[in-house]
A.B. asks: 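Below is a structure I'd like to ask you about.
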Amino acid sequence: MVVLLTNDDGIHAQGLRALYNRFINSHHVSVVAPDRERSAIGHAITLNQPLRAAEVKLNGGYSGYAVNGTPADCIKLAIAEILPGRPDVVVAGINPGANVGANLNYSGTVAAAKEAALGGVIGIAVSIEGQKADYYDDAAHFVAHLCDTVIARGLPFGTFLNVNIPNRPLKEILGVRISRQNVGLLAENVEKRTDPRNRIYYWQGRDMQTFGDDLEIDGVALGQNFISITPVKCDMTDYLVLEDLRSWELKELNIVD
């Protein structure tokens with residue numbers, strides 16, 4: 001396979017290195033990743049300043065391209081300019097911290113896989129539970145086998161996989177659950193503070209997501225020690241509401257000032 005690796009934690013991240021070490025023995029691997037952490041940047045792309053890609057040598061003994069842009073920028077630039085041909089698969093990660101539920105809307109890791117899918121390339125976003133993960137190598141081992149299966153079976157155009165792995169050795173994980181995304185309402189909070197110059201500023205955060213006990217939900221499966229795999233569509237149309245809206249006959253409204 002021709003494998004393109006990226007992330008939103010920067011080209012020096014441990015999870016990216018674990019993926020490279022796992023794939024390089026059997027596949028052609030390229031690394032195009034942000035030059036610094038770009039977490040929670042979503043599907044942003046860079047339009048108002050130049051993009052630069054510098055080839056760098058990394059401590060793990062491999063080279064890659066560090067881009068001064070977002071994860072989505074990295075995929076666009078890699079496919080359009082840097083790589084000699086299209087990759088067979090894009091793997092984004094391994095992100096420390098789960099990307100389940102509403103987090104899919106904010107994650108740069110997920111956005112990179114989505115950008116691949118929009119370009120007709122298989123995309124897989126991979127996260128591991130916990131901000132201080134210990135088992136990147138085990139997670140990378142699973143991802144390599146998953147990629148073999150996905151390449152053999154294929155995915156529909158515009159669909160990518162979001163994978164979340166418990167922070168445990170593979171032998172201690174209970175199995176794999178094919179799960180759906182939870183989209184419950186988040187409990188948001190913004191803390192108002194005052195700086196030393198007596199100016200108001202705000203620190204944004206949110207409470208932890210809660211998922212209930214339905215193993216068909218991504219966060220529940222992960223929390224109960226399963227690997228969660230969720231197929232995600234780039235097409236965001238709500239087809240049920242689409243039919244309802246057509247019954248509103250909005251096109252026939254006469255609007256008068």
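Numbering of residues begins at 1 and proceeds along the displayed sequence. If you're wondering where the values come from, they're calculated on a predicted model, not measured in any experiment.
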A.B. asks: Determine the interplanar angle of the H27 and F23 rings, folded into 0 to 90°, and report it as parallel if under 30°, tilted if 30 to 60°, perpendicular if over 60°.
C.D. replies: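 H27 vs F23 ring planes: tilted.
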A.B. asks: How many angstroms lie between CD1 in I45 and CD1 in I75, if you round to the nearest 0.5 Å?
C.D. replies: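 Between atom CD1 of I45 and atom CD1 of I75 there are 13.0 Å.
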A.B. asks: How about L19 and N21: do any of their side-chain heavy atoms sit closer than 4.5 Å?
C.D. replies: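 Side chain of L19 against side chain of N21, heavy atoms only: no contact under 4.5 Å found.
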A.B. asks: Mind running side-chain contact (heavy atoms from CB on, under 4.5 Å) on Y62 and I24 for me, showing each step along the way?
C.D. replies: CA-CA 10 Å; Y62 66 95; I24 194 59; over 6 Å; no
A.B. asks: For V241, is there any backbone N or O sitting under 3.5 Å from a side-chain donor or acceptor partner on D244?
C.D. replies: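 Absent.
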A.B. asks: Using the side-chain contact (heavy atoms from CB on, under 4.5 Å) rule, pick out the option among V220, N164, N182 that qualifies with V100.
C.D. replies: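 Of the listed residues V220, N164, N182, the side-chain contact (heavy atoms from CB on, under 4.5 Å) partner of V100 is N164.
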A.B. asks: So, the side chain of T194 versus the backbone of R199: is there a donor-acceptor pair under 3.5 Å, distance only?
C.D. replies: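 Side chain of T194 to backbone of R199, a donor-acceptor pair under 3.5 Å: no, none is there.
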A.B. asks: Contact between I122 and D88 at the side-chain level, heavy atoms closer than 4.5 Å - yes or no?
C.D. replies: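 I122 vs D88: side chains apart.
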A.B. asks: Quick one: pull up OG in S228 and CD in E216 and give me the separation to the nearest 0.5 Å.
C.D. replies: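 The distance works out to 10.0 Å.
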A.B. asks: Would you check, one step at a time, whether the test side-chain contact (heavy atoms from CB on, under 4.5 Å) holds for D9 with N95?
C.D. replies: CA-CA 7 Å; D9 295 296; N95 184 75; 3.1 Å; yes
A.B. asks: Given the rule in the side-chain contact (heavy atoms from CB on, under 4.5 Å) test, do L16 and I94 qualify, once you have shown the distances and angles that lead to the verdict?
C.D. replies: CA-CA 6 Å; L16 188 65; I94 300 169; over 6 Å; no
A.B. asks: For a 4.5 angstrom cut-off between non-hydrogen side-chain atoms, does L77 reach V67?
C.D. replies: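 A side-chain contact under 4.5 Å exists here.
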A.B. asks: How many angstroms lie between CG in D235 and CG in L118, if you round to the nearest 0.5 Å?
C.D. replies: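 It comes to 10.5 Å.
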A.B. asks: Answer yes or no: is there a donor N or O on one side and an acceptor on the other, between the side chain of T230 and the main chain of S179, under 3.5 Å?
C.D. replies: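 Present.
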A.B. asks: Do T159 and P156 have side chains that get closer than 4.5 Å, going by heavy atoms?
C.D. replies: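 Heavy-atom side-chain distance check passes, below 4.5 Å.
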A.B. asks: When you group the ILVMFWY residues by side-chain heavy-atom contacts below 4.5 Å and let the links chain together, are I151 and L146 in the same group?
C.D. replies: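 The answer is yes; both residues are in one hydrophobic cluster.
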A.B. asks: Check whether the side chains of N99 and S127 place a donor and an acceptor atom closer than 3.5 Å, and report yes or no.
C.D. replies: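 There is such a pair between these side chains.
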A.B. asks: Please report the shortest heavy-atom distance between A144 and R22, naming the atom on each side.
C.D. replies: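 Smallest heavy-atom distance, with atoms named: CB-CG, 3.5 Å.
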A.B. asks: If I take atom CD1 from residue I165 and atom OH from residue Y135, how far apart are they, to the nearest 0.5 angstrom?
C.D. replies: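 Spacing of CD1 (I165) from OH (Y135) equals 14.0 Å.
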A.B. asks: Side-chain heavy atoms nearer than 4.5 Å, only ILVMFWY residues, links allowed to pass through others: does that put L4 and L51 together?
C.D. replies: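 Shared cluster, yes.
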A.B. asks: Give a yes or no on whether V110 and V163 share a hydrophobic cluster (residues Ile, Leu, Val, Met, Phe, Trp, Tyr; joining criterion: side-chain heavy atoms under 4.5 Å apart).
C.D. replies: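 No, V110 does not connect to V163 through the hydrophobic network.
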A.B. asks: Identify whether V29 and V126 are in the same connected component of the hydrophobic contact network (ILVMFWY, side-chain heavy atoms under 4.5 Å).
C.D. replies: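 Linked within one cluster.
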A.B. asks: Please lay out, stage by stage, how I173 and I227 fare under the test side-chain contact (heavy atoms from CB on, under 4.5 Å).
C.D. replies: CA-CA 7 Å; I173 295 174; I227 295 172; 4.0 Å; yes
A.B. asks: Looking at every non-hydrogen atom in both residues, tell me the closest pair between P96 and Y136 and how far apart they are.
C.D. replies: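 Closest approach of P96 to Y136: CB-OH, 3.2 Å.
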A.B. asks: Does a donor on one side chain and an acceptor on the other come within less than 3.5 Å for T109 and D8?
C.D. replies: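 Checked: T109/D8 side chains pair up, N/O donor to acceptor below 3.5 Å.
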A.B. asks: Are V3 and I79 linked, directly or through intermediate hydrophobic residues, by side-chain heavy-atom contacts shorter than 4.5 Å (ILVMFWY only)?
C.D. replies: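 Cluster IDs for I79 and V3 differ.
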A.B. asks: So, do I124 and C147 sit near enough that their side-chain heavy atoms are less than 4.5 Å apart?
C.D. replies: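 They are in contact (side-chain heavy atoms under 4.5 Å apart), so the answer is yes.
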A.B. asks: Can you check whether G101's main-chain N or O pairs, donor with acceptor, with Q181's side chain at less than 3.5 Å?
C.D. replies: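 Yes; at least one donor-acceptor contact below 3.5 Å.
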A.B. asks: Kindly give the heavy-atom pair with the smallest separation between K114 and C234, and that separation in Å.
C.D. replies: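 Residues K114 and C234, closest heavy atoms: CG-SG, 3.6 Å.
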A.B. asks: Taking the six-membered ring of Y201, is NZ or CZ of R193 closer than 6.0 Å to its centre and within 45° of its axis?
C.D. replies: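 No - R193 does not lie over the ring of Y201 by the 6.0 Å and 45° rule.
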A.B. asks: Begin from the C-alpha positions of E81 and K76 and carry the test salt bridge (Lys or Arg N to Asp or Glu O under 4.0 Å) through to its verdict.
C.D. replies: CA-CA 8 Å; E81 289 290 336; K76 287 179 175 291; over 6 Å; no
A.B. asks: Search all heavy atoms of A44 against all heavy atoms of A72 and return the closest pair with its distance.
C.D. replies: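 Heavy-atom minimum between the residues: O-CB, 3.7 Å.
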A.B. asks: Between R180 and D214, is there a salt bridge with N-O shorter than 4.0 Å?
C.D. replies: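 Between R180 and D214 there is a salt bridge, with a charged N closer than 4.0 Å to a carboxylate O.
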A.B. asks: Can you tell me how far OG1 of T6 sits from CZ of R38, rounded to the nearest 0.5 angstrom?
C.D. replies: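 Reported value, rounded in 0.5 Å steps: 11.5 Å.
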A.B. asks: Indicate yes or no for a side-chain donor-acceptor contact from N167 to the backbone of D134 under 3.5 Å, with no hydrogens or angles considered.
C.D. replies: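 Yes.
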A.B. asks: Would you give the length of the straight line joining atom CG of L161 to atom CD1 of I229, rounded to the nearest 0.5 angstrom?
C.D. replies: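 CD1 of I229 is found 6.5 Å from CG of L161.
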A.B. asks: Using modelled atom types and a 3.5 Å cut-off, is there a donor and acceptor pairing between side-chain atoms of N7 and backbone atoms of A92?
C.D. replies: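 Side chain of N7 to backbone of A92: no pair is present.
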A.B. asks: To check you understand the geometry: which heavy-atom pair defines the closest contact between P71 and G108, and what is its length?
C.D. replies: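 Closest heavy-atom pair between P71 and G108: CB-O, 3.3 Å.
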A.B. asks: With distance as the sole test, does N105 use its side chain to make a donor-acceptor pair with the main-chain N or O of A102 at under 3.5 Å?
C.D. replies: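 Present.
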A.B. asks: Do P166 and E129 touch side chain to side chain, with heavy atoms closer than 4.5 Å?
C.D. replies: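 Result yes, sub-4.5 Å side-chain heavy-atom pair found.
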A.B. asks: Pair D73, T46 - check side-chain hydrogen bond (donor to acceptor under 3.5 Å, both in side chains), show working.
C.D. replies: CA-CA 7 Å; D73 286 331; T46 302; 2.5 Å; yes
A.B. asks: Donor-acceptor pair, N68 side chain versus R52 backbone, under 3.5 Å?
C.D. replies: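 Checked: pair present.
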A.B. asks: When you measure from the side chain of N225 to the backbone N and O of E172, does any donor-acceptor pair fall under 3.5 Å?
C.D. replies: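 Checking the backbone N and O of E172 against the side chain of N225, a donor-acceptor pair under 3.5 Å is found.
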A.B. asks: Work out which heavy atom in G69 is nearest to a heavy atom in P34; give both atom names and the distance.
C.D. replies: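 So the minimum-distance heavy-atom pair works out to O-CB, 3.7 Å.
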A.B. asks: Quick one: does D35's side chain get under 4.5 Å of V56's, heavy atoms only?
C.D. replies: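 The answer is no, as the side chains (C-beta and beyond) never meet within the 4.5 Å cut-off.
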A.B. asks: For the residue pair E191 and Q204, establish whether any side-chain heavy-atom pair is separated by less than 4.5 Å.
C.D. replies: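 Answer no - side chains too far apart.
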A.B. asks: Between R86 and G119 (side chain of the first, backbone of the second, donor and acceptor by atom type, cut-off under 3.5 Å), is there such a pair?
C.D. replies: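 A pair under 3.5 Å: yes.
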